[in-house]
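Scroll down for the structure; my scribbles are underneath it.
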Amino acid sequence: MPSEQWTHPEPGDGPAAVAAQPSPEQVIAGLRATSEGGAELTQLLTPEGERVPSPQFDKYVDDIDAEALRGLYRDMVLVRRADREANAMQRQGQLGIWVPLLGQEAAQIGSGRALKANDMAFPSYREHGVAYTRGVDMKDLLGIFRCTDHSGWDYQGTGFHPYTIVIGNQVLNAAGYAMGQKFEGKVGDDDGEATICYFGDGATSQGDVHEGFVWAAVYDAPLVFFCQNNQWAISEPTERQSRLPLYQRARGYGFPGIRVDGNDVLACLAVSRWALDECRHGNGPVLIEAFTYRMDAHTTTDDPTRYRLSDELEEWKLKDPIERVRAFLARGGGADQAFFDSVQAEADAFAADLREYTFNMPEPPPERIFSNVYAEGNPVLEAQREEFLSYLDGFVSAGEH
């Protein structure tokens, strides 16, 4: 039974599941049916690391030679190592929370490297890999999860908007920004601008996402909706979110949708380049569903063993996005063991540097909360600031801390 239809089966498929809870058999059938992403899945590298030709998308990666592919491999290894280190630091009490990206490196690195300098990316809270590709210092990300900062990077300079915690809200922000690009005439040729917005499968059930679809479609906004379908919206599987594959939802709004193998960095790069090219030439929005898998918990406050099967996780381990690139490079002579060892050593040093910084991260001064509230000075805010600092000084003078 197709997983997307377990609540509304086709004739002859058997009885529907009750609205509140599918049977174990239906859950397992649904997971198996979606394990490969369907016949319309765009893939350029198989899980075994074999190249799959694509008449439509090969031209979008014809510049990716062995050296460039080694670069993509390096990106994914460094980002995964940083992610694992941050996860460990949260367990040691150094971060308040962490949102793992384990298993989603290809979707993020592939799409992130497809962006041009003048493009803008709107993330949710898991796009650490995209941030890396946009030149955001990973140390700035850690400040968010240590609760000492809030997206303190230059988002205009990097083309990477601050993280958004409210589920789906970034889609409305991205739609407005992309509409501005259209109104200002920044689309229409190869030098045009585009925007990409990231969200998960669970966010597609939020009204903000659908409102963003409507506005982007009506105004032909140059916006790529990039849905990382990692199969689980916290504890709810994708088949509880939609009766149809998520990329097909684009049809209802009048723009194209496509499903790509989210564990295939080459395919993610090609499809994202295509979609961004469509947008920057003024052809309106595109929805990409990157079919991937969350290999870790939703956040470090989550226990995925309570709601998903271990067999499912083991199956997806065989589709690891990093290992398929490694296999392709090794098989074709594009890299040797010395290269892989050097990347791993670099990743370990990268993680050690992040760890050292986190353990010694300076606490922001109290007056920091009043900074960057308004573009210009505000007398009311200044009065509040002085009153607050005077209040704190009273504790210091009394010998209290």
Side-chain angles (χ1 to χ4, degrees), residues 40 42 44 54-64 107-108 110-124 127 130 133-134 155-161 164 168-199 203-204 208-228 245-260 262 266-290:
E40 297 184 23
T42 300
L44 299 182
S54 171
Q56 180 180 1
F57 292 107
D58 279 348
K59 64 181 179 180
Y60 291 98
V61 289
D62 57 8
D63 62 323
I64 304 299
Q108 296 193 16
S111 61
R113 289 301 185 196
L115 293 164
K116 294 183 178 180
N118 291 332
D119 295 333
M120 178 63 76
F122 283 77
S124 61
E127 279 68 53
V130 182
T133 67
R134 300 304 279 168
Y155 71 90
Q156 291 180 316
T158 60
F160 189 77
H161 200 266
T164 302
N169 183 248
Q170 70 276 13
V171 179
L172 286 176
N173 299 332
Y177 186 91
M179 287 165 60
Q181 291 173 314
K182 178 69 178 295
F183 295 156
E184 293 177 2
K186 295 182 178 180
V187 298
D189 53 35
D190 290 342
D191 296 324
E193 296 183 8
T195 295
I196 190 169
C197 181
Y198 294 88
F199 52 93
T204 63
D208 286 3
V209 175
H210 295 275
E211 291 174 21
F213 285 176
V214 170
W215 284 94
V218 169
Y219 286 94
D220 280 333
L223 177 55
V224 175
F225 297 101
F226 196 94
C227 174
Q228 293 179 87
L246 298 179
Y247 75 96
Q248 293 185 13
R249 287 186 169 184
R251 299 177 184 175
Y253 299 91
F255 55 85
I258 186 171
R259 174 179 274 186
V260 63
L266 202 60
C268 288
L269 176 64
V271 169
S272 297
R273 280 178 169 178
W274 163 76
L276 290 163
D277 193 54
E278 287 289 300
C279 289
R280 72 177 80 258
H281 281 86
N283 296 329
V286 176
L287 170 62
I288 298 175
E289 178 193 354

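- Residues V130 and A121 come closest through the heavy atom pair CG1-CB, 4.4 Å.
- Taking every heavy atom of both residues into account, A107 and F226 meet most closely at O-CZ, 3.6 Å.
- Here CZ of R134 is found 9.5 Å from CZ of R113. Values are rounded to the nearest 0.5 Å.
- Checked by atom type and distance alone, the side chain of D277 never pairs as donor or acceptor with a backbone atom of R273 at under 3.5 Å.
- Proximity of W274 to I258: side-chain heavy atoms (C-beta onward) are separated by under 4.5 Å at one or more points.
- Between R280 and P222, the closest side-chain pair of non-hydrogen atoms is not below 4.5 Å.
- The two residues V286 and C279 make their nearest non-hydrogen contact at N-SG, 4.4 Å.
- Across all non-hydrogen atoms, the minimal contact from Y155 to M120 is O-CE, 3.7 Å.
- Taking the six-membered ring where the residue is Trp, the centroids of F122 and F199 are separated by 6.0 Å or more.
- Atom-to-atom distance recorded for T42:OG1 and L266:CG is 12.0 Å, nearest 0.5 angstrom.
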Could you give the side-chain donor-acceptor pairs of residues 171-185 under 3.5 Å, partners two or more places apart or in another chain?
| unit_1 | atom_1 | unit_2 | atom_2 | d |
| --- | --- | --- | --- | --- |
| N173 | ND2 | N169 | OD1 | 3.4 |
| Q181 | OE1 | T195 | OG1 | 2.7 |
| Q181 | NE2 | E193 | OE1 | 3.1 |
| K182 | NZ | Y219 | O | 3.2 |
| E184 | OE1 | K186 | NZ | 3.1 |

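- The closest side-chain heavy-atom distance from I288 to V224 is below 4.5 Å.
- Annotation: the span from D119 atom CG to I196 atom CD1 amounts to 8.5 Å, rounded to 0.5 Å.
- Contact detail for P245 and E289: the closest heavy-atom pair is C-OE1, 4.1 Å.
- In this structure, CG on D191 lies 6.5 Å from NZ on K116, to the nearest 0.5 angstrom.
- Rounding to the nearest 0.5 Å gives a distance of 10.0 Å between OG of S272 and CZ of F57.
- Put simply, CG on L287 and CD on Q248 are 10.5 Å apart, with the number rounded to the nearest 0.5 Å.
- When all heavy atoms of F255 and P285 are compared, the closest pair comes out as CB-O, 3.2 Å.
- A donor-acceptor pair under 3.5 Å is formed between the side chain of R249 and the backbone N or O of T204.
- Ring geometry, H210 versus Y253: the interplanar angle falls from 30° to 60°, so the pair is classed tilted.
- The backbone N or O of Y247 sits nowhere less than 3.5 Å from a side-chain atom of R259 that would complete a donor-acceptor pair.
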